[in-house]
Enquirer: 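Here it is, the structure in full.
Bear in mind that the values here come from a model prediction, so they are computed numbers and not experimental data.
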Amino acid sequence: MGAVEDARLGGIGLGPWTEFDVASSTAYPLLFGMLDSAVMAFEVWECVVTASQRDVLSEGMGLPAEQARSVVAFLAGLQDLGRLVPGYQRRHRAAWVRLWRG
């Protein structure tokens, strides 16, 4: 059984969510969304940003390249925290009800 099936049965995603599929009534957990964003930022740093761009960014941050990469990934993960507010979590009644059952 995969994550989508587990979510339909209440196996995962009982906490705050970042994406909600109305058709299947499944929620994608906020933590997973934050991790997805962090991993993507890490990969962009590694695969898209050139060595000279990494040097400029690292120097601007005052950090070695490895630490700068980690800070960028961490900050990218934090960008989803805005979805933690009640106004966002209430956007879909089924997700809101599920959140408070957990």
Enquirer: Given the rule that I, L, V, M, F, W and Y join up when any side-chain heavy atoms are under 4.5 Å apart, are Val48 and Val39 in one cluster?
Expert: no

Enquirer: Over all heavy atoms of both residues, which pair between Trp45 and Ala68 is shortest? Give the atoms and the distance, please.
Expert: CH2-CB, 3.8 Å

Enquirer: How far apart are the closest heavy atoms of Tyr88 and Thr18, and which atoms are they?
Expert: OH-O, 2.9 Å

Enquirer: Can Leu75 be reached from Leu63 by stepping across I, L, V, M, F, W or Y side chains whose heavy atoms are under 4.5 Å apart?
Expert: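 Same cluster: Leu63 reaches Leu75 through Ile, Leu, Val, Met, Phe, Trp or Tyr contacts under 4.5 Å.
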
Enquirer: Which atoms form the tightest heavy-atom contact between Arg83 and Gln89, and what is the distance?
Expert: O-NE2, 2.6 Å

Enquirer: Show your reasoning for whether side chain to side chain contact (heavy atoms under 4.5 Å, CB included) applies to Val49 and Val44.
Expert: CA-CA 6 Å; Val49 179; Val44 167; 4.2 Å; yes

Enquirer: Testing the basics here: between Gln79 and Ser37, what is the closest heavy-atom pair and its distance to 0.1 Å?
Expert: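 Between these two residues, the closest heavy atoms are NE2-OG, 3.0 Å.
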
Enquirer: Of the non-hydrogen atoms in Gly87 and Arg91, which two are nearest, and what is the gap between them?
Expert: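 Result for this residue pair: O-CG, 3.7 Å.
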
Enquirer: Is it true that Phe42 and Met40 fall in one hydrophobic cluster, defined by side-chain heavy atoms closer than 4.5 Å?
Expert: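 The answer is no; the residues belong to distinct hydrophobic clusters.
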
Enquirer: Is it possible for you to say whether Leu84 and Leu31 belong to one hydrophobic cluster, with membership spreading through side-chain heavy-atom contacts below 4.5 Å?
Expert: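 No, Leu84 does not connect to Leu31 through the hydrophobic network.
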
Enquirer: Suppose we call two aromatic rings close when their centres sit under 6.0 Å apart. Are Phe32 and Trp17 close by that rule?
Expert: no

Enquirer: Give the minimum heavy-atom separation between Ala41 and Ala76, together with the two atoms involved.
Expert: CB-CB, 3.4 Å

Enquirer: Any non-hydrogen side-chain atom of Asp36 less than 4.5 Å from a side-chain atom of Tyr28?
Expert: yes

Enquirer: Find out if a path of hydrophobic residues (ILVMFWY) with successive side-chain heavy-atom gaps under 4.5 Å connects Val71 to Leu35.
Expert: no

Enquirer: Side chain to side chain contact (heavy atoms under 4.5 Å, CB included) between Gln67 and Met61: does it pass, once the steps are laid out?
Expert: CA-CA 9 Å; Gln67 288 180 354; Met61 295 171 77; over 6 Å; no

Enquirer: Between CE of Met34 and CG of Leu78, what distance do you get to the nearest 0.5 Å?
Expert: 5.0 Å

Enquirer: Rounded to the nearest 0.5 Å, what's the gap from CZ on Arg69 to CZ on Arg54? Could you check?
Expert: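 Arg69 CZ to Arg54 CZ: 9.0 Å, rounded to 0.5 Å.
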
Enquirer: Can a donor-acceptor pair be found, under 3.5 Å and without considering hydrogens, that links the side chain of Gln53 to the backbone of Thr50?
Expert: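 Checking the backbone N and O of Thr50 against the side chain of Gln53, a donor-acceptor pair under 3.5 Å is found.
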
Enquirer: Any chance you could measure Leu30, atom CG, to Glu19, atom CD, to the nearest 0.5 Å?
Expert: 10.0 Å

